[in-house]
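For ligands, and for the atoms within them, numbers begin at 1 and follow the listed sequence.
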Amino acid sequence: MALALCAMSHSPLLSLNEPRSEVRARVDVAREEARAFVTAYDPDLVVVIGPDHYNGFFYDLMPPFCIGTAATSIGDYDTVAGPLPVEHDTALAMAGAVLDAEVDVAVSERMKVDHGLVQPLEFLFGGFHRCPPVIPVFINGVAVPLGPARRARLLGDAIGRFAAGLDRRVLLLASGGLSHDPPVPQLASATPEVAEGLIDGRNPTPEARAARQERVIVTGQRFAEDPTTLQDLNPEWDQLVLDTLASGRLADVDGWSNAWFQEQAGNSSHEVRTWIAAYAALAAAGPYEVGTRFYEPIREWIAGFAVTTATPTTGQAHLAMASAHSTTTGA
Ligand SMILES: O=C(O)CCc1cccc(O)c1O
Ligand SMILES: [Fe+2]
């Protein structure tokens, strides 16, 4: 078994709004470093953990977590539409293992995913056609009510135990966060028409999709000029999250309330549950260390934008496994 982790913020505005050139240059270096890390690791299975933005999951049936045993990219913004190379039986087995661990995950044979899950896959592998087999995992990060962040940690722990038991080179890939409060409508304050889109808004007309995307683009441009137009990014909070994940003290997350996420870092900061799950999955195999750690608040993209990679601490994962084994056999 082998595990490695890559976690990246996404933004639909990545190629649509341009930040200052020095910022763009720094982000590009960090993302290229992550790509080189993944290329060198050469995974043969990718567990990709992402949120959704009312493109795949709606209030007609909103699970907190879902594992796709088959999945299709809907192709929003500049992502490509089409089927993901999901490894069906392994995905189903992983869902079974997660349920055995008492985390009630849903499964989908027709999962639909958006830029939130697809963007890092496309970037790291140059498209689905060149991507290793994947297991897509959805974590709800926008549609209230949300469970506690602790549940994302426990989901990740169960995924990690399963992945560590495979004779595979597994990449844990998280997409989302950190602080940001983009203009995503909320059911409680939506007009009846907008509410209908949140409840069952599948297959919007091309005009409706274009209007939505244009609104997000303009909102990002306005936010870059005037930080008071949205709840601002929170670099201190983002660094605290990154520090916690890097430290391995993942149980700290259990004290993070949903209200605190929202007050500190905006409604979409709940997407960071994907990172919590991925780090908890890596932690399930033993101590780890962070390699790349990049962070930059980028208002043009409406994103506290971070990129991290992590690997088991050299030798430690093996020792932890061996001692667990000898304890078991010695008892
Ligand atoms: O709802 C949408 O279409 C896009 C929302 C959105 C905007 C900026 C940054 C993000 O991470 C994000 O998810
Ligand atoms: Fe997002």
**Student:** Who gets closest to atom 9 (C) of ligand 1 by heavy atom: Asp52, Asn17, Ile302, Val142?
**Tutor:** Ile302

**Student:** Considering heavy atoms of the protein only, find what lies nearest to atom 12 (C) of ligand 1 and give residue, atom and distance to 0.1 Å.
**Tutor:** Pro12 CD, 3.6 Å

**Student:** If the cut-off is 4.0 Å to any non-hydrogen atom of His10, which atoms of ligand 1 fall inside it?
**Tutor:** 11 (O), 13 (O)

**Student:** Go through ligand 1 atom by atom and flag the ones less than 4.0 Å from a non-hydrogen atom of Val216.
**Tutor:** 7 (C)

**Student:** Any heavy atom of Ser268 closer to ligand 1 than 4.0 angstrom?
**Tutor:** no

**Student:** Considering heavy atoms of the protein only, find what lies nearest to atom 1 (O) of ligand 1 and give residue, atom and distance to 0.1 Å.
**Tutor:** Arg212 NH2, 2.9 Å

**Student:** Looking only at heavy atoms of Leu13, does any of them come nearer than 4.0 Å to an atom of ligand 1?
**Tutor:** no

**Student:** I'd like to check which ligand 1 atoms, numbered from 1 as shown, lie under 4.0 Å from a non-hydrogen atom of Trp301.
**Tutor:** 8 (C), 9 (C)

**Student:** Taking it one step at a time, do Asp252 and Thr244 satisfy side-chain hydrogen bond (donor to acceptor under 3.5 Å, both in side chains)?
**Tutor:** CA-CA 7 Å; Asp252 283 10; Thr244 303; 4.8 Å; no

**Student:** How about His270 and His180: are their ring centres within less than 6.0 Å of each other?
**Tutor:** no

**Student:** On a heavy-atom basis, which atom in Leu230 and which in Asp181 lie closest, and how many Å separate them?
**Tutor:** CD2-O, 3.7 Å

**Student:** Give the atoms of ligand 1, by number and element, whose distance to some non-hydrogen atom of His180 is under 4.0 Å.
**Tutor:** 9 (C), 10 (C), 11 (O)

**Student:** Please report the C-alpha distance between Tyr295 and Phe305 in whole Å, then the side-chain angles of each, then the deciding distance to 0.1 Å, and finally whether the ring pair (Phe, Tyr, Trp, His ring centres under 6.0 Å) criterion is met.
**Tutor:** CA-CA 6 Å; Tyr295 175 77; Phe305 202 94; 9.0 Å; no

**Student:** Only protein N/O/S atoms count here: give how many lie under 2.8 Å from the Fe ion (ligand 2).
**Tutor:** 3

**Student:** Judged by atom type as modelled, is there a donor-acceptor pair below 3.5 Å linking the side chain of Asp114 to the main-chain atoms of Gly56?
**Tutor:** no

**Student:** In terms of residue, atom name and distance, what is the protein heavy atom nearest to atom 4 (C) of ligand 1?
**Tutor:** Tyr77 OH, 3.5 Å

**Student:** Examine the side chains of Glu122 and His115 and answer whether a donor and an acceptor come within less than 3.5 Å of each other.
**Tutor:** no

**Student:** Quick one: does Trp256's side chain have a donor or acceptor within less than 3.5 Å of a partner on Ala149's backbone?
**Tutor:** no

**Student:** Is the cationic atom of Arg273 (NZ for Lys, CZ for Arg) positioned less than 6.0 Å from the six-membered ring centroid of Phe261 and within 45 degrees of its normal?
**Tutor:** yes

**Student:** Do the side chain of Gln231 and the main chain of Gln262 share a donor and acceptor less than 3.5 angstrom apart?
**Tutor:** yes

**Student:** Under 3.5 Å between some N or O of ligand 1 and some N or O of His53?
**Tutor:** yes

**Student:** Does Arg35 make a cation-pi contact with Phe123 (under 6.0 Å, within 45 degrees of the axis)?
**Tutor:** yes

**Student:** Does at least one non-hydrogen atom of Gln213 fall below 4.0 angstrom from an atom of ligand 1?
**Tutor:** no

**Student:** Can you see whether Asn203 engages Arg209 through a side-chain donor-acceptor pair at a distance of less than 3.5 angstrom?
**Tutor:** no

**Student:** Just to verify, what does Phe294 make a ring pair (Phe, Tyr, Trp, His ring centres under 6.0 Å) with, not counting sequence neighbours?
**Tutor:** none

**Student:** How far is atom 7 (C) of ligand 1 from the closest protein heavy atom, and which atom is that?
**Tutor:** Pro182 CB, 3.4 Å

